[in-house]
Amino acid sequence: MITKRIGLGNNGQHMLRRHLGLLLVTWVTAVSAQAQTGPGYEDILQGFADPERWLTYSGDYSGKRHSPLQQITPENVAQLRPLWTFQTDTTTRGRGFETTPLADDGVLYVTGSNNYAWAIDAKSGRAFWQYRRNLPNDLTYGASAPVNRGFGMLGETLFMVTLDAHLLAMDRRTGDILWDVVLADYKVGYAATLAPLVLDDKVIVGISGGEYATRGFIDAYAPATGERLWRFNTIPGPGEAGSETWPNDPEILARGGGGTWMNGSYDPELDLIYWGVGNPNPDYYGDQRPGDNLYSNSLVALEAGTGKLRWHYQFTPHDLNDWDSNHMPVLADIGWQGQPRAVVMVGNRNGFFYVLDRVSGELLQGTPFTATSWAREIGADGRPIILNDGIKGCVPDPWGSTNFMPPSFYPDLNLFILTARETCATFVPEAPQSAPGQANFGGVVFIDGAAGSGALRALDVATGELRWEFAYPSPTFGGVMTTAAGLVFAGDHEGNFMAFNAATGENLWHYQTGSRIWGAAAMTFMLDGKQLVLIPAGTTLTAFALPD
Amino acid sequence: MTCKKKFFFSMLLQKLRLHKKLRLHNESRLHKEYRHNFPALLITTTMLLGMAPAWSQQSNPFEADPRAPYAGGVIFRAQCATCHGADGKGIASIDAPDLTLMWSARELSDNAVFDTIRNGIAGSIMPPHSFPDPEVWMLVSYLKSIAVSGTNRALAGNAELGRELFGANCARCHRVAGSGGSLGPDLSRVTARRSYAALVESIRNPTAVIADGYRSVLITNAAGERMQGTIKSEDAFSLQIMDSNQQLRGFSKTSLQTIERQLESLMPAFNPGMLSDADIENLLTYLQVQQ
């Protein structure tokens, strides 16, 4: 596949290489002793230990998106002002600029829509280099979701997935491609949009395309070579465990869906990866696939070394509403009924907030956080008691009660803070005709647009009860970050980037970015003694800080 | 030096891969052209016509075929409805437009709609589609069949009387052919966009359907002054209205004492005592001849 870097002084670099030849090699050797090498696995493992770094999608492996930085406080946040705005010149009308930048040594590594990417000077907002992938003109799922959620980073190497379902390794100093491997055939319906999860000796990625005749998977690749180390298929093969929840038909299993398009989290002590799995295919029509359809709409816990399934929990058995469970799983060690407990928390598209034991997968709690009429409680067997599958009208729309926009967990307050969408949709299933390379939802949905609204909601993890909320005018796709100073940063569909008091939900500051904040959450780090907060919106990435 | 060698070899490899890919790509295209995945009646057409270049330069081969809108509707429900809505009226939160209004609003040709389906819209989530040409034409036929239709017959009222009625009753808020007010929608070409019955309903009962941008609000500012207007835009912190004096005004919500959203349209309901059926016929005749 052809790749292309654009302008920004690359020609100069090539000239230098050509003319200085051997001389350059000597010089490079001389300075390399002092040269900064990029972050290693130990650094990512330390999470937020270095305040000047943000090294993985959520800032650390846990997915809490809770930074310890405390320069910006509830008292001074009202003075927050933009430092600079970076314009990407690439847009995805109908979706968003969904990335989380990585920060290291004063440089931001940012992926954008349509597989653009940049290294940006965090001081000035100016790019060192820009990368643009030359994409084929017959993209499938990637054409309808031309987005990307960020880089993974290890040492001097960046990892990025593409809309034509490749995984790239890139030199972070130049944007040059080091290797390029195919995850799956995009022509069938595959694409990739997430931020790779980088462990010590593995790059973990998932795949998009559950609306097409595809079969989802989670893959591990060797960082140095791109060699595939293992693959976990989210839809079992004939005779494999879980296949009893499907019809005995290899053709249906082979296109069973189960995309894995949102990032996962990692527990280094248990050496388990936690990842959400998407809808079964086709989305709304279930008559061809009687059964629970494992491992669709589930959270899976995989052994990092082998990709073997340790446990799973299915949130929405036999999904008929496109409620992918592709959410950021949030790992935390909390007090649970007087005892310390290692849990994983998920705010799900089906309208329930779940707390699970992350060692065993045992369900500790499942409570609704929207007015969903689909179900109001989870039965003793751990399954939802379904009241209305959507044919009877007014359940959450296919974008769900929340979606992949990251939530945040605030440990000291024991609050899980997420974006809630209140919507009303009626599903009309229809028998589909499946064809490779063509999306098929298996029916249509009527959405009552006037009934929609949104809210930022803080749930008490101990009970699942609503502690506070801030209402948005429309169903929102903005994500959430919290900081240990007692702040929540969130974005809404009208384009406001906002700060709230984490304990009370009081709005303390807002800035109109000019475009909806969609799928993205803020990140923060220290630069020259100053705390920066960044948010992508539309075609812009804006950095905020307190005045001098 | 190893680095440079690696770079050289990786470039060479990429080029080789590219050649292979191009070849594969062409093969799969051919394969795709001969796909037989749609109703049997299409197969022959697909084989005969599917490879003809520049289809969109030609007219819709199914223009007179009453089965085409039905077949197109089947494709629409499977391929388009998730973004454009089961009724084709669009989903605002993902910028998917109302397809029932596009024909009258933008004077679209069949060819332009064909090209948009085929090529997608760059920079948006509207993707290109590789359906065989006949299927795209059937979609065009379907979209035409659900288009909101205008007032097709030539109205026979008195346009001059209609002009006077418009000046007396409507022009303070509505614009026609460049003159009039701005509080309500511009009514130039409205008879081409809406049916006679829909227009009569809007005059008799304007509250029944109020478009975005014309919903009424009553606010009280910090000084205690009351102000009525239509909501042009709104977010969690601010409100943008056109007041009843047709001035655009923006407010921080915290600066307002009250925000009362009103279900009634700002437009008065014209009962037969105010405008008779004959008056409406004259009024709409005037609007029609203005086109």
Side-chain angles (χ1 to χ4, degrees), chain A residues 1-3 17 22 25 90-95 113-114 136-140 142-146 176-180 187 211 283 322 398-399 428 430 432-435 437-447 449 452 470-475 477 492-496 498 507 510 512, chain B residues 1 3-4 6-7 10-11 13-15 17-18 21-22 24-25 28-29 31-32 35-39 74-87 89-97 119-131 212 233-239 254:
Chain A
M1 190 50 54
I2 322 169
T3 55
R17 276 191 203 153
L22 275 171
V25 176
T90 181
T91 183
T92 46
R93 190 157 169 75
R95 282 288 292 248
S113 301
N114 302 303
N137 61 10
D138 58 347
L139 288 175
T140 50
S144 57
D176 289 338
I177 300 299
L178 304 174
W179 50 256
D180 174 340
K187 288 177 184 162
E211 278 61 51
D283 303 51
D322 192 12
W399 289 273
V428 183
E430 289 177 359
Q433 299 180 353
S434 241
Q438 289 196 6
N440 213 317
F441 289 81
V444 292
V445 186
F446 291 88
I447 299 171
F470 181 83
Y472 298 142
S474 66
F477 261 89
D492 75 10
H493 205 67
E494 283 66 42
N496 280 300
M498 299 160 284
N507 176 258
H510 70 272
Q512 174 55 254
Chain B
M1 289 310 276
C3 243
K4 284 175 86 176
K6 251 191 197 164
F7 179 75
S10 75
M11 286 306 288
L13 266 174
Q14 274 182 20
K15 278 184 184 159
R17 272 188 219 139
L18 173 70
K21 270 211 156 119
L22 280 174
L24 282 174
H25 181 67
S28 76
R29 274 179 87 101
H31 178 69
K32 205 181 256 179
R35 272 177 318 149
H36 296 169
N37 66 328
F38 233 75
V74 172
I75 304 168
F76 183 86
R77 291 168 81 85
Q79 304 289 343
C80 318
T82 290
C83 289
H84 289 288
D87 51 9
K89 288 182 180 295
I91 296 174
S93 63
I94 55 167
D95 297 321
N119 303 325
I121 297 174
S124 83
I125 61 170
M126 169 72 181
H129 293 93
S130 58
F131 317 135
D212 275 349
S233 186
E234 179 181 8
D235 72 7
F237 306 98
S238 69
L239 184 67
T254 53

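Quick note on labels: first sequence line is chain A, next is B, and so on, each numbered from 1.
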(request) Measure the acute angle between the ring planes of B/Phe76 and B/His84, then classify it against the limits of 30° and 60° as parallel, tilted or perpendicular. (result) tilted
(request) Could you have a look at A/His493, A/Glu211, A/Glu430 and say which one has the most heavy-atom pairs with chain B under 4.5 angstrom? (result) A/Glu430
(request) Name the region of A/Asp283, side chain, backbone, both or neither, that has any atom closer than 4.5 Å to a heavy atom of chain B. (result) neither
(message) So, taking the atom named SG in B/Cys83 and the one named CZ in A/Phe441, what distance separates them when rounded to the nearest 0.5 Å?
(response) 6.5 Å
(request) Check whether B/Ile121 gets within reach of chain A through its side chain, its backbone, both or neither, counting any heavy atom under 4.5 Å. (result) neither
(message) If we define contacts as heavy-atom pairs under 4.5 Å, which of A/Gln512, A/Glu494, A/His510 has the most with chain B?
(response) A/His510
(request) Name the region of A/Trp179, side chain, backbone, both or neither, that has any atom closer than 4.5 Å to a heavy atom of chain B. (result) neither
(message) Only pairs of heavy atoms separated by less than 4.5 Å count here; which of B/Ala92, B/Ala81, B/Ser93 has the most with chain A?
(response) B/Ser93
(request) Identify which part of A/Phe470 has an atom lying under 4.5 Å from any heavy atom of chain B, answering side chain, backbone, both or neither. (result) side chain
(message) For chain B, which candidate among A/Pro473, A/Ser144, A/Ser474 shows the most heavy-atom pairs at distances under 4.5 Å?
(response) A/Ser144
(message) Going by the rule side-chain contact (heavy atoms from CB on, under 4.5 Å), which residues pair with A/Pro475 if we only count those two or more places apart in sequence or in a different chain?
(response) A/Arg421, A/Thr423
(message) Taking side-chain contact (heavy atoms from CB on, under 4.5 Å) as the definition, give me every residue that meets it alongside A/Thr91, ordered by chain and number, with sequence neighbours left out.
(response) A/Thr539
(message) For the backbone of A/Met498 and the side chain of A/Asn496, can you confirm whether one donor and one acceptor N or O come within less than 3.5 Å of each other?
(response) no
(request) Verify, without hydrogens or angle tests, whether B/His129 (side chain) and B/Pro127 (backbone) share a donor-acceptor contact under 3.5 angstrom. (result) yes
